[in-house]
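For reference, the structure is listed below as structure tokens.
Atoms within each ligand, like the ligands themselves, are counted from 1 in listed order. Numbering of residues begins at 1 and proceeds along the displayed sequence. Worth knowing before you read on, the calculation uses all heavy atoms, side chains too, and leaves out hydrogens, waters and symmetry mates.
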Amino acid sequence: MTMKILKPTLKNIKKAAHYLNIGELVGIPTETVYGLAANTFNTEAVLKIFKTKNRPTFDPLIVHISTKILKCKNILLELENNNLICLDTFTQKAKTRAKKLMLKFWPGPLTLVLPKHNAVPDIVTSGLPTIAIRMPNHKVTQQLLSLIKFPLAAPSANLFGKISPTTALHVLSELGNNVAMILDGGTCPIGIESTVIFVHPGGQLTLLRPGGLKLSQIEKIANTRVHQKQRSLEHKNHPSSPGMLESHYAPKKPLYMLTKSILHLNKKDFKKLKILIKDSLQEILSTKTCKENNLPQIGLLVMRGDAKQKARKFATQLGFPVKVKLLSSKGNDQESAKNFFSSLRKLDVSPTFILFSEPCLNTKGLFHAIADRLKKASNKI
Ligand code: AMP
Ligand code: MG
């Protein structure tokens, strides 16, 4: 199985191009997370993505394009000529804004949702009249895109609703059986998905999903405020951007988000945690996995500061060994984003039976996206 992970030599990138040409799926590295890629214009291949991920067909895919297009005089016209978007309804204001964002942030972690061209199979966009497009900033995937004649429809390469993959091994562990191969591009430098922005035909911008590009940067370049989608207005089972589904990015073990930093937890708080722990333990005591682990642990995700000190307090108060992962000792947003999914995954595969996370109280910069992922991955206490 590990033979499916291939180093990004020219020979192997050509091999990936071949698989994509014949309608197979390939795991690809990007700067955000690993993607599960297929030919955008091959309906059957795209259907395989949904089946492999166990992804409901109402959750549309992001289409990944080559940097070649940046060399064209008019990037929007080129996207239209490539049968991806349709500019008929777009006002001059919308065109100018979309173009500005593309030229400034592509390649990079920005996905723009634009009116879709009829030639794009409906399965790619889940029947929506819009298409999500981005230009990944990863040389391996860009080299691959330069060898093929179609853009790549690629959601994150994980099972639907589960933790996003930031290494080739993560992809292998979850989807290995169903991909032709995985190109190993190392650890994803950003570690969290792209920011998704809806560009209205009138030019207004709406944030559909916070991600690897800070909102303040987008607002500065677009010279306008980006509206935030109001959750209360969303239909729970069919949101306008499924990245907004209420439960997502979740580990297999139950994950609870604490209400405050560990250093501030008091006796009463720990009492509540003990009840959760007791219930979880009882539930899995009967299962095989737990019998094999004679020392079940509590997993703990720490946002910042002294992780060892926090883990010690947790272990002393709760009476279980604690497996701890720290996002960033200094509370740096980029470092935290890079570590977020991989830390959750490590806690999930450890002999833990329950996971806790400190809350992400800072929502500036990339913490906006981290807070969003954490909220969707966890249960309330
Ligand atoms: P993933 O690549 O798995 O992170 O998921 C792609 C996400 O992009 C979806 O879950 C949506 O949130 C968003 N998306 C893709 N296409 C559209 C679209 N046409 N309209 C709104 N959101 C979209
Ligand atoms: Mg995803």
Side-chain angles (χ1 to χ4, degrees), residues 25 27-38 40 46 49-50 52-65 79 84-86 98 109-118 120-136 138 141 151-166 170-171 174-175 188 190-201 205-213 226-229 231 234-251 337 340-341 344-345 369 372-373 376-377:
L25 305 185
I28 56 163
T30 83
E31 79 280 31
T32 57
V33 300
Y34 271 73
L36 179 66
T40 301
V46 173
I49 292 181
F50 285 92
T52 298
K53 274 184 65 95
N54 211 356
R55 182 175 175 116
T57 47
F58 66 70
D59 193 357
L61 309 179
I62 293 174
V63 171
H64 293 66
I65 60 171
L79 287 172
L84 287 174
I85 65 170
C86 169
L110 172 69
T111 296
L112 294 176
V113 177
L114 303 160
K116 158 189 173 306
H117 196 289
N118 274 340
V120 178
D122 281 335
I123 180 81
V124 174
T125 64
S126 303
L128 291 171
T130 51
I131 178 169
I133 302 180
R134 95 173 187 95
M135 189 182 280
H138 198 291
T141 290
L152 292 173
S156 50
N158 53 288
L159 290 172
F160 180 71
K162 298 295 173 203
I163 303 173
S164 301
T166 52
H170 294 164
V171 182
E174 246 171 66
L175 307 176
C188 301
I190 292 180
I192 215 149
E193 296 88 344
S194 60
T195 303
V196 182
I197 299 282
F198 187 93
V199 185
H200 295 262
L205 305 178
T206 301
L207 174 71
L208 296 182
R209 178 179 75 183
L213 182 65
V226 174
H227 302 272
Q228 306 236 13
K229 193 108 215 151
R231 199 159 264 282
E234 288 278 319
H235 192 292
K236 270 191 186 161
N237 296 322
H238 205 165
S240 61
S241 186
M244 295 185 85
L245 282 170
E246 292 209 337
S247 169
H248 217 70
Y249 315 110
F340 179 71
F341 283 127
L344 259 189
R345 196 177 277 267
D372 166 79
R373 307 299 188 271
K376 289 173 188 157

Nearest to [atom] by heavy atom, [options]: which?
atom: atom 6 (C) of ligand 1; options: Glu193, Arg55, His64; result: Arg55
atom: atom 18 (C) of ligand 1; options: Val120, Leu128, Val33; result: Leu128
atom: atom 4 (O) of ligand 1; options: His248, Arg209, Lys53; result: Arg209

Point to revise | Aromatic plane relationship, Phe160 with His248 - under 30° parallel, 30 to 60° tilted, over 60° perpendicular | key: perpendicular
Taking every non-hydrogen atom, the tightest pair across [X] and [Y]:
X: Glu31; Y: Pro109; value: OE2-N, 3.3 Å
X: Ser156; Y: Val33; value: CB-CG2, 3.8 Å
X: Ile163; Y: Glu174; value: O-OE2, 4.3 Å

Practice item. Mark the output for Asn158 as yes if a heavy-atom distance to ligand 1 is under 4.0 Å, and as no if none is. Key: no
Provide the number and element of each atom of ligand 1 under 4.0 Å from a heavy atom of [X].
X: Asp59; answer: 9 (C), 10 (O)
X: Leu61; answer: 15 (C), 16 (N)
X: Thr130; answer: 18 (C), 19 (N), 20 (N)
X: Pro60; answer: 6 (C), 9 (C), 14 (N), 15 (C), 16 (N), 17 (C), 18 (C), 23 (C)

Review point. Which bit of Leu208 is near ligand 1, meaning a heavy atom under 4.0 Å away: side chain, backbone, both or neither?
Key: side chain
Point to revise | 2.8 Å cut-off met by an N, O or S atom of Ser156 to the Mg ion (ligand 2) | key: yes
Check your understanding: If we ignore angles and hydrogens, is there a donor and acceptor under 3.5 Å between the side chains of Thr30 and Arg134?
Key -> yes
Practice item. Side-chain contact test, heavy atoms from C-beta onward, threshold under 4.5 Å: evaluate it for Arg345 versus Pro165 and give yes or no. Key: yes
**Study point:** N/O donor-acceptor pair under 3.5 Å between Thr166 side chain and Gly191 backbone
**Key:** no
Point to revise | Result of checking Leu159, Leu36, Leu25 against Lys53 for side-chain contact (heavy atoms from CB on, under 4.5 Å) | key: Leu36
Review point. Quick check: does Thr125 get an N/O under 3.5 Å from an N/O on ligand 1?
Key: no
